[in-house]
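The figures that follow rest on heavy atoms only: side chains count, while hydrogens, waters and symmetry mates do not. In what follows, every chain begins at residue 1, and chains take the letters A, B, ... in the order their sequences are listed.
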Amino acid sequence: MPATFKSLSELLEKVEATKKRLKIIDQTANYLKTLGAEEIESATNMMVGRAFPKYSQKTLDVSWSTLTRIFERISVFDWDLFREAMASTGDIGSATKTVLEQTKPKKQTQLTQKSLTITEVRTTMEAIAQAQGSGARTKKERLITALMSQATPVEAKYLVKIFTGEMRTGLHEGLMEQAVAQAFDVPLQRVQHASMVLGDIGEVAATIKTQGLEGLEKAGFSVFRPVKLMLAQTAQSVNEALAEHGGKSALEYKYDGARVQIHKQNGRIEIFSRRLTDVTESLPEIVKIVEQNILAQSIIVEGEVISLDSAGYPIAFQHLMRRFRRVHGISGMAEKIPLTLYLFDILYLNGESLIAQPYIQRRQILSQIAGEIPLTKPNSHRPAQTSRRFPQRSHRRWTRRLDGEKTRQPIRAWTQGQTLAKNQNNP
DNA sequence: TTTAGTTGACC
DNA sequence: GTTATGC
DNA sequence: GCATAACGGTCAACTAAA
């Protein structure tokens with residue numbers, strides 16, 4: 001029997017009620033066990049506040065403003081009560097529930113009405129994401145209205161939370177990985193690895209559900225499926241970071257640009273942003289650079305895209321931003337704001353994952369396959385001198401805006417000081 | 001055709 | 001990206 | 001101590017309204 005959205009809402013109510021992480025994991029794990037193969041990916045993503053898998057390019061394009069109009073239409077929305085509830089909980093979803101509980105809907109809801117299933121909610125959300133072009137707003141609103149009028153106040157609360165992307169239940173992706181591991185009695189490390197290479201924890205849950213531990217062990221990088229990135233952590237000082245690494249550290253300059261993940265196979269190239277958005281179309285010259293330089297058959301590399309002005313200095317980040325996600329006037333802007341790529345890591349090469357390889361090894365392989373593409377500049381000092389010699393503060397300088405006006409704001413320049421990425425696989 | 005409002009995304 | 005907060 | 005939630009500033013796309 002398909003799981004109801006009500007069951008998911010009730011689980012999240014229990015999760016929200018506690019701050020104890022072990023309890024959250026326990027309750028979530030027990031709930032995951034009750035789900036079927038066809039709904040577990042949707043449910044898992046909804047629980048962590050996503051309508052779709054992390055790697056998915058779909059967006060709902062719905063937020064609080066749209067929801068407000070809808071609630072005004074389907075019920076007598078008590079704004080004083082809403083404000084009061086917002087003040088006490090600070091949570092839009094909770095406030096919505098409070099209001100809906102105390103207001104009578106305009107339309108009579110049938111007591112015998114069949115309750116929403118998780119799969120139905122996903123299907124409607126697909127349709128909402130699909131609605132584009134003229135009349136899209138109306139269509140989205142109609143679909144949301146249909147969903148909301150079938151929902152109880154508690155369900156509406158979590159629909160709102162998913163729409164706005166603000167869950168505030170304490171059940172975040174890290175805990176969900178633990179819950180999945182516990183529910184299916186598989187090693188946490190396996191789950192975490194699969195979550196990284198598959199780019200989505202919901203997909204991991206579905207894989208285990210249908211293929212068991214065996215399926216999990218088979219999970220590996222797949223070209224054109226964006227990978228969950230390893231994020232850097234900041235330290236108070238260079239010495240603190242060096243200590244964290246336990247003796248062996250590599251230092252590189254961190255460029256104030258945009259991080260990209262580049263996939264290539266059989267001549268096809270795709271570029272993803274930090275949040276796994278496909279930005280290939282916006283960056284034609286980066287595609288060209290990769291095409292001309294990286295000859296490997298299949299590859300996943302990471303780099304930083306920055307823009308240099310005519311004098312060879314990097315421009316301020318806000319100018320660079322105008323290139324990303326742009327779909328109009330790309331070639332014109334490409335002339336005004338030309339982009340440069342610096343590579344800093346390689347995750348996958350010709351069918352082999354490289355993340356278990358030490359940093360030195362990966363860097364070596366990267367330099368061999370990069371062609372003329374520069375790598376991020378490494379530190380060249382000896383360890384004893386590192387702390388003293390490596391730049392620890394931003395270089396500040398004046399820059400010119402693209403329109404020629406001189407800006408008064410100093411910008412973060414070429415070197416931003418040390419940032420030492422703690423590599424979970426190779427500390 | 002222009003302007004305003006909304007949304008999402010990057011650091 | 002930075003800062004605040006709760007285990 | 002650690003991980004995450006919550007926040008800020010800026011920009012472009014998109015749809016609806018003027």
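- Using modelled atom types and a 3.5 Å distance limit, the side chains of A/Arg137 and A/Thr66 yield a donor-acceptor pair.
- Side-chain N/O atoms of A/Arg21 include none lying less than 4.0 angstrom from OP1 or OP2 on C/dC7.
- In the set B/dT7, D/dA13, D/dC11, B/dT7 carries the atom at the smallest distance from any side-chain atom of A/Thr66.
- Between B/dG8, D/dA16, D/dC11, one nucleotide has an atom nearer to the side chain of A/Met321 than all others, and that is D/dC11.
- Atom CD1 of A/Ile201 is separated from atom P of D/dT4 by 13 Å (rounded to the nearest Å).
- Which of D/dA13, B/dG8, D/dA16 sits closest to the side chain of A/Arg326 comes down to D/dA13.
- The distance between atom CG of A/Asp256 and atom C1' of C/dT2, rounded to the nearest whole Å, is 14 Å.
- Rounding to whole angstrom units, CD of residue A/Glu166 and P of D/dT4 are separated by 18 Å.
- Using a 4.0 Å heavy-atom cutoff across all strands shown, A/Gly133 reaches sugar-phosphate atoms only and no base atom.
- A/Gln132 comes within 4.0 angstrom of sugar-phosphate atoms only, judged by non-hydrogen atoms across all strands, and of no base.
- Checking B/dC11, D/dC14, B/dT6 against every side-chain atom of A/Val327, the shortest atom distance belongs to D/dC14.
- Partner of A/Asn45 under the side chain to side chain donor-acceptor pair (under 3.5 Å) criterion, out of A/Glu203, A/Glu173, A/Arg50: A/Arg50 alone.
- A/Lys20 has its NZ atom 15 Å from the P atom of C/dG6, to the nearest Å.
- When distances are taken from the side chain of A/Gln318 to each of D/dA13, B/dG8, D/dC11, the shortest belongs to D/dC11.
- Atom CD1 in A/Ile337 sits roughly 11 Å away from atom C1' in D/dC11 (whole-Å rounding).
- Of the N and O atoms on the side chains of A/His263 and A/Gln261, at least one donor lies less than 3.5 Å from an acceptor on the other residue.
- Counting only N and O atoms by type, the side chains of A/Arg363 and A/Thr376 include a donor and acceptor under 3.5 Å apart.
- The structure places OG1 of A/Thr18 at 6.0 Å from CD1 of A/Ile24, a figure rounded to the nearest 0.5 Å.
- Across D/dC11, D/dA5, B/dG8, the shortest atom-to-atom separation from the side chain of A/His172 is found for D/dA5.
- Counting any heavy atom pair closer than 4.0 Å across all strands shown, A/Gly165 reaches no nucleic acid atom.
- Rounded to whole Å, atom P of C/dC7 lies 14 Å from atom CD of A/Glu16.
- Side-chain proximity of A/Ser63 to D/dT10, B/dT7, B/dC11: nearest is B/dT7.
- The side chain of A/Asp61 lies closest to B/dG8, out of B/dG8, D/dA13, D/dT10.
- Side-chain proximity of A/Arg168 to the nucleotides D/dT10, B/dT6, D/dA6 is greatest for D/dA6.
- In this model, the phosphate group of D/dA12 is approached by a side-chain N or O of A/Arg322 to a distance below 4.0 Å at OP1 or OP2.
- For A/Arg274 and B/dC11, the shortest distance from a side-chain N or O to OP1 or OP2 is below 4.0 Å.
- In this structure, A/Leu175 atom CG and D/dC2 atom C1' are separated by 13 Å, rounded to whole Å.
- Mapping A/Gly170 and A/Lys139 onto DNA chain D by nearest heavy atom places A/Gly170 at the nucleotide closer to the 5' end.
- One can place NE2 of A/His319 at 12 Å from C1' of D/dC11, the figure rounded to the nearest angstrom.
- Side-chain N/O atoms of A/Thr59 include none lying less than 4.0 angstrom from OP1 or OP2 on B/dG8.
- The only option from A/Glu155, A/Glu166, A/Glu16 that meets the salt bridge (charged side-chain N to carboxylate O under 4.0 Å, His left out) definition with A/Lys161 turns out to be A/Glu16.
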